[in-house]
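In what follows, chains are A, B, ... by sequence order, proteins preceding strands, each numbered from 1. When reading the values below, keep in mind they use all heavy atoms of this one structure, side chains included, and skip hydrogens, waters and symmetry mates.
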Amino acid sequence: MPELPEVEVTRQSFAKRIRGGRIESVRLGKPLRWPLGIDPAMLVGRTVLDVRRRGKYLLLDLNHGMLLMHLGMSGSVSFAPEQPAAAAHDHFDLATSRGVLRLNDPRRFGAVVYAPAQDAPEAVKLLGRLGVEPLSDAFEPEAFHQGLKRRNAPVKQVLLAGELVVGVGNIYASEALFMAGIRPTLRASRISRPRADRLHQAVRDVLARAVAKGGSTLRDFSNAQGQAGYFQLEAMVYDRAGQPCRVCAAPIKTLRQGQRATYYCPHCQKS
DNA sequence: AAAAGCCCCTGGATGC
DNA sequence: TGCATCCAGGGGCTTT
């Protein structure tokens with residue numbers, strides 16, 4: 001479910017409110033993708049200093065150690081002074097003096113993992129191979145083009161892999177490639193510098209606009225205050241197979257790449 | 001070393 | 001109504 005915009009919107013919707021909260025209790029539901037990695041009782045008494053984001057991970061900095069939270073495909077977070085009794089898919093509660101942070105994740109591809117320090121093995125294992133942040137100055141056209149030149153895989157899958165640039169998932173990969181006028185099946189290594197520049201700009205632009213719209217709510221995403229996103233209403237190609245291109249009216253096509261659906265306009269994205 | 005497949009899991013939509 | 005099948009916003013791990 002959540003790509004960079006949804007994770008960032010989630011972060012913004014509760015970071016300030018949880019900051020300074022003292023952990024009072026931790027409740028675990030069914031197992032998530034990975035074990036927490038610490039006795040929950042050991043977290044009680046620690047303080048949440050800040051909430052950051054790295055790629056699609058939320059990072060809760062504690063006064064000692066950190067929690068890495070990933071929303072997987074179906075995860076969403078809520079934060080409120082009090083929470084109702086845990087329901088079927090509520091698998092993690094972090095009760096603090098500022099409110100209760102709850103992770104709901106029906107498919108349980110998400111996870112919450114404790115790391116004793118920023119550079120601890122538990123953190124490096126998950127964050128170590130991640131590419132640059134697309135909305136930071138570190139995401140720079142020349143290096144992006146060089147990175148593309150080193151990959152022979154289809155550009156859509158290079159974007160999804162997150163080793164060049166993080167945070168671009170299945171929706172925004174299709175959208176960015178449409179904006180740049182690039183066919184998703186084109187080998188990354190064959191993209192010229194001017195076209196790489198257009199893609200670089202498209203990635204930044206689509207992600208920033210999606211954050212501004214509160215993310216995309218396809219079925220059930222909402223931020224930590226329960227508010228839905230609206231960017232899906234502006235999607236040019238995603239989930240629009242057979243519908244007319246919003247630019248040229250040609251029917252949007254779909255194909256499968258790496259077991260994921262890709263959408264593109266055969267006329268606007270000729271190569 | 002890079003690329004392609006395989007899973008993890010639940011629920012909703014669709015088809016017979 | 002019931003049951004089978006397919007698909008879904010991710011990504012680590014294994015196999016080519």
What interatomic distance, in whole Å, is found between P of C/dC3 and the corresponding atom of B/dC9?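 Roughly 23 Å separates the two P atoms.
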
Please report the distance separating the P of B/dA1 from the corresponding atom of C/dG11, rounded so that it comes out in whole Å.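 The answer is 23 Å between these two P atoms.
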
Among [options], which nucleotide sits nearest the side chain of [X]?
{"X": "A/Arg107", "options": "C/dG12, B/dA3, C/dA8", "answer": "C/dA8"}
{"X": "A/Asn170", "options": "B/dA4, C/dA8, C/dG10", "answer": "C/dG10"}
{"X": "A/Gln259", "options": "B/dG11, B/dC6, C/dA8", "answer": "B/dC6"}
{"X": "A/Arg260", "options": "B/dC7, C/dG10, C/dA8", "answer": "C/dG10"}
{"X": "A/Tyr57", "options": "C/dG12, B/dG5, B/dT10", "answer": "C/dG12"}
{"X": "A/Trp34", "options": "C/dG12, C/dC7, C/dG11", "answer": "C/dG12"}

A/Phe139 vs A/Phe144, test: ring-ring contact (aromatic ring centres under 6.0 Å, His included). Steps then yes/no. CA-CA 7 Å; A/Phe139 186 44; A/Phe144 182 53; 5.1 Å; yes

Can you tell me the distance, in whole Å, between the [atom1] atom of [X] and the [atom2] atom of [N]?
{"X": "A/His70", "N": "B/dC9", "atom1": "NE2", "atom2": "C1'", "answer": "15 Å"}
{"X": "A/Leu148", "N": "B/dA3", "atom1": "CG", "atom2": "P", "answer": "11 Å"}
{"X": "A/Lys125", "N": "C/dC13", "atom1": "NZ", "atom2": "P", "answer": "5 Å"}
{"X": "A/Leu159", "N": "C/dG11", "atom1": "CG", "atom2": "C1'", "answer": "16 Å"}
{"X": "A/His89", "N": "B/dC9", "atom1": "NE2", "atom2": "C1'", "answer": "10 Å"}
{"X": "A/Leu218", "N": "B/dG12", "atom1": "CG", "atom2": "P", "answer": "15 Å"}
{"X": "A/Glu163", "N": "C/dG10", "atom1": "CD", "atom2": "P", "answer": "15 Å"}
{"X": "A/Gln157", "N": "C/dG10", "atom1": "CD", "atom2": "C1'", "answer": "14 Å"}

Any Lys/Arg nitrogen of A/Glu6 or A/Lys56 sitting under 4.0 Å from an Asp/Glu carboxylate oxygen of the other? no

Taking any heavy-atom pair under 4.0 Å as a contact, classify [X]: base, sugar-phosphate, or nothing.
{"X": "A/Phe231", "answer": "nothing"}
{"X": "A/Ala161", "answer": "nothing"}
{"X": "A/Tyr238", "answer": "sugar-phosphate"}
{"X": "A/Asp105", "answer": "nothing"}
{"X": "A/Gly169", "answer": "sugar-phosphate"}

Face-to-face stacking of A/Phe109 with B/dC8, centres under 5.5 angstrom, angle under 30°: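 Stacking between A/Phe109 and B/dC8: present.
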
Enclosure of A/Asp137 CG (heavy-atom neighbours >12, cutoff 6.0 Å):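 It does not: A/Asp137 CG has 12 such atoms or fewer within range.
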
Tell me yes or no: between the side chains of A/Gln83 and A/Ser78, is some donor less than 3.5 Å from an acceptor? yes

Under 3.5 Å, is there an N or O donor on one side and an acceptor on the other linking the side chain of A/Arg151 and the base of B/dA3?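 No, no donor-acceptor pair under 3.5 Å.
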
Has the side chain of A/Arg108 got a donor or acceptor atom sitting under 3.5 Å from an opposite partner on the base of B/dC9?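 No, the side chain and the base share no sub-3.5 Å donor-acceptor pair.
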
Would you find a donor on one side and an acceptor on the other, under 3.5 Å apart, between the side chain of A/Thr217 and the backbone of A/Phe221? yes

Paired with B/dC9 by Watson-Crick or G-U wobble geometry, both distances under 3.5 Å: which nucleotide is it? none

I want to confirm an ordering. Mapping A/Arg129 and A/Arg33 to their closest nucleotides on DNA chain B, which one lands closer to the 5' end?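 In this pair, the answer is A/Arg129.
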
Parallel, tilted or perpendicular, judged at 30° and 60°: which one describes the rings of A/Tyr57 and A/His70? perpendicular

